[in-house]
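Here the structure is laid out as structure tokens; the discussion comes afterwards.
Lettering follows sequence order; numbering is per chain, from 1.
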Protein chains: 2
Amino acid sequence: MSELRLGLAGLGNVGAELARLLTRDAGMLSARAGRPVRLVAVSARDRGRDRGVDLSKLAWEENAASLAARADVDAVVETIGGAEGAALDLARAALKAGKPFMTANKTLLAHHGQELAALSREKPGAALYFEAAVAGGIPVIKTLREALAGNRVEEIAGILNGTCNYILTAMRETGGDFAAIVKEAQALGYAETDPSYDLDGHDAADKLSILAALAFGMPLAAGGFGVEGIRAITAQDIGFARELGYRIKLLGMMKRTADGLARRVAPFMIPLNAMLAHVEGVTNAVILRGNVVGPLTLVGAGAGGGPTASAVLSDIIDCACGRRAVSFADSAPAATVPPEKSITSFYMRLMLKDQPGVLADITAVMRDARISIQSIIQHGRSAAAPVPVVFLTHEAPEKAFYDALSAIERLPSVLEKPCVLRILA
Amino acid sequence: MSELRLGLAGLGNVGAELARLLTRDAGMLSARAGRPVRLVAVSARDRGRDRGVDLSKLAWEENAASLAARADVDAVVETIGGAEGAALDLARAALKAGKPFMTANKTLLAHHGQELAALSREKPGAALYFEAAVAGGIPVIKTLREALAGNRVEEIAGILNGTCNYILTAMRETGGDFAAIVKEAQALGYAETDPSYDLDGHDAADKLSILAALAFGMPLAAGGFGVEGIRAITAQDIGFARELGYRIKLLGMMKRTADGLARRVAPFMIPLNAMLAHVEGVTNAVILRGNVVGPLTLVGAGAGGGPTASAVLSDIIDCACGRRAVSFADSAPAATVPPEKSITSFYMRLMLKDQPGVLADITAVMRDARISIQSIIQHGRSAAAPVPVVFLTHEAPEKAFYDALSAIERLPSVLEKPCVLRILA
């Protein structure tokens with residue numbers, strides 16, 4: 001069978017690893033693909049840098065999009081990153097040229113996936129592959145699209161951001177405070193210099209958008225659902241979670257309910273008997289619940305050069321073998337649960353002035369909002385410093401809870417911003 | 001695109017569920033396949049039995065193999081079971097007719113997979129699909145063949161038998177003894193009337209053989225490696241495991257080592273910080289470690305009508321979409337580690353006559369075999385009844401350990417058959 005000649009754009013961590021593997025393992029990859037697979041052209045900013053692989057015999061394009069136009073490139077791999085610019089130009093150029101396009105770029109897909117899927121449908125050769133875009137080395141895309149093809153997906157819950165999971169794990173293991181652990185994570189390369197995209201939940205939200213489009217036909221556009229990060233979590237919350245038999249994890253969650261699709265990114269209290277509680281450090285995990293198969297859990301490396309390259313290589317071999325799946329479900333999108341119907345149990349940690357009547361004020365607000373309290377925990381007392389008091393609620397409508405929370409925050413005895421966590425049922 | 005017309009052989013638990021789903025979800029499945037998928041003919045022993053689905057409009061074949069010959073059947077699905085007889089006849093007939101053959105039958109593959117793969121290579125249409133043959137609803141075949149196509153697999157470890165895992169979990173949770181829990185499992189339908197195939201490790205061994213062929217190119221023939229079951233495990237061992245911070249699980253294991261491929265089915269002591277320790281009840285789990293992606297863990301339902309049907313449906317949709325993978329790796333098989341080079345730590349529980357000098361005799365045997373003892377645990381004393389004493393060893397060559405064990409078993413103070421478990425590193 002004829003050769004599959006690849007053009008690769010981006011030679012950062014993932015791209016360089018791919019170039020190395022495509023060179024070193026060419027024999028094995030070609031055998032598995034049933035045809036020769038060869039890297040023929042690359043594009044990156046810095047031509048001179050040593051990337052641990054000999055690129056001297058490859059064609060070099062200054063402009064990434066030019067890779068798509070080359071007659072000697074049959075398929076294009078993109079590891080540049082970013083929603084716009086070179087990555088988007090290259091994606092459009094490749095698909096319009098009727099060439100397969102493989103990407104590790106979640107942001108590109110979350111923002112322009114709909115357009116790229118439409119381009120992919122227009123030309124027979126313009127297949128769109130993106131296994132590496134969600135959860136790195138975990139084959140969640142292939143599993144959703146192919147292995148669960150006989151299922152209606154009922155629920156997806158996942159630890160989709162390794163940075164947050166590393167920080168929460170390190171806080172638990174060391175007792176350290178949020179800011180100190182973030183610095184440590186930055187030093188270790190687990191957090192960016194500006195860590196907002198990870199810490200505020202946007203990275204997990206982009207990944208969840210892609211999964212929502214695949215599993216529930218939701219339109220691929222960033223936003224449209226609640227996204228919270230982990231900045232409010234302190235060592236105190238980690239301590240309360242331990243005492244109560246939970247671990248705190250940032251989850252992306254989607255679930256069909258009688259009222260529609262409930263969907264959010266938020267930190268959750270996870271009971272120790274749930275497998276997700278034991279997924280630690282930078283590891284990612286996704287639970288997919290199908291109506292026929294039941295729950296299926298996938299756990300593995302969610303980022304890093306190797307794991308991400310592994311996912312791209314699976315796309316490359318699928319492409320070489322002619323294996324292809326529909327880009328995104330074209331079913332009617334699921335309706336979204338209105339916030340007043342979304343039901344959850346909450347953990348709320350308040351910092352209170354320790355004086356008579358404080359608890360009476362707070363519990364009165366909750367009673368008026370018809371939120372039932374499961375337990376209240378207060379350790380220690382202090383006339384001088386704010387005292388942490390934790391409230392666990394029974395299941396309550398989100399809107400009622402947040403209305404009550406606003407009222408509680410305005411009470412003069414509530415001294416700092418509360419920390420609110422959902423409790424995984 | 002033209003219709004895919006299916007013939008289904010076997011209407012037991014899995015077959016009947018498939019017939020129901022192919023009927024009820026025909027619209028969804030056809031949309032996902034990009035072409036109509038329709039069940040047109042079936043074969044089963046009892047035509048009259050109510051299976052919760054209307055089969056009256058389908059063609060009926062007395063002889064399963066006749067399904068393959070029908071002009072109106074494009075692809076054949078087998079859920080009869082068994083290594084020989086009707087299942088094997090049908091498999092040969094379908095592949096020789098150049099028709100895709102899909103099976104949930106691990107025994108058939110473990111015994112005749114090599115022949116069926118060869119038949120599959122001979123005709124272009126004769127694709128061989130068997131996602132449901134290992135670990136039920138967990139897509140371990142697709143993940144190995146496709147998602148990890150860019151990896152050299154270094155290690156596979158899995159809880160592959162739900163019956164054994166149910167029994168070990170129930171022993172731990174209830175404190176009950178082996179025989180009583182097996183009876184309970186039989187009453188619940190989790191164990192067969194003759195449970196030997198499960199309890200003695202043969203079911204896990206057949207599944208491991210299929211994974212060994214896929215990942216390491218090992219010839220598909222039953223046997224050729226150590227297989228132990230769980231019958232020797234008593235409530236005492238469950239208690240010692242708890243005390244030592246382990247859970248006992250029957251594992252199928254394969255690992256590349258400097259001396260070749262180490263491969264076995266045996267009960268292991270698994271430390272609580274390993275995710276496999278938390279896989280309970282009938283749930284299955286598989287860890288696949290690739291050289292590029294690192295460890296990837298898949299957890300889900302390993303048996304049952306729904307989960308198994310889900311896996312077959314994914315094969316059917318792959319088939320309808322023209323997605324196909326090579327049946328088994330054609331790489332040179334990995335060499336097997338000679339037993340004298342296989343290194344493990346052991347748990348050994350002896351039932352001893354409680355008298356002076358017993359420990360001296362046993363430790364002398366172990367010293368002479370150059371097996372280093374990590375700890376010895378004895379609780380309680382009794383002049384009348386045998387006393388359990390547990391030895392944990394440091395890593396030792398298997399052969400040396402088993403030679404020592406034979407010598408120890410012959411000591412007059414050793415009163416019952418020892419229980420030996422490997423310790424997962």
Contact part of [X] toward chain B, heavy-atom cut-off under 4.5 Å: side chain, backbone, both or neither?
X: Asn291(A); value: side chain
X: Leu21(A); value: side chain
X: Ala285(A); value: neither
X: Leu298(A); value: both

Backbone N/O of Val326(B) and side chain of Arg32(A): donor-acceptor pair under 3.5 Å
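Absent.
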
Option that, when pairs with chain B are counted at under 4.5 Å, heavy atom only, ranks first among Ala149(A), Gly300(A), Gly322(A):
Ala149(A)

Kindly compute the distance separating CD1 (Ile138(B)) from OG1 (Thr297(A)), expressed to the nearest 0.5 Å.
9.0 Å

With rounding to the nearest 0.5 Å, note down the distance linking CZ in Arg324(A) to CZ in Arg323(B).
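Going from CZ on Arg324(A) over to CZ on Arg323(B), the span is 11.0 Å.
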
Using a 4.5 Å cut-off on heavy atoms from C-beta on, say whether the side chain of Asp318(A) contacts that of Glu146(B).
yes

Can you pull out the residues in residues 304-316 of chain B with any heavy atom less than 4.5 Å from chain A?
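The list, in residue order, reads Gly306(B), Pro307(B), Ser310(B), Leu313(B), Ser314(B).
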
Taking all heavy atoms of Arg152(A) and all of Met28(B), pick out the closest pair and write down the distance.
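What the structure gives for the nearest pair is N-CE, 4.3 Å.
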
Give the minimum heavy-atom separation between Val293(B) and Ala301(A), together with the two atoms involved.
O-CB, 4.1 Å

When only pairs under 4.5 Å are counted, which of Leu29(B), Leu296(B), Ile141(B) shares the most heavy-atom pairs with chain A?
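Sorted descending by pairs with chain A, the first entry is Leu296(B).
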
Using a 4.5 angstrom heavy-atom cutoff, name the option from Glu131(B), Glu280(B), Met275(B) with the most pairs to chain A.
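Among the listed options, the one with the most contacts to chain A is Met275(B).
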
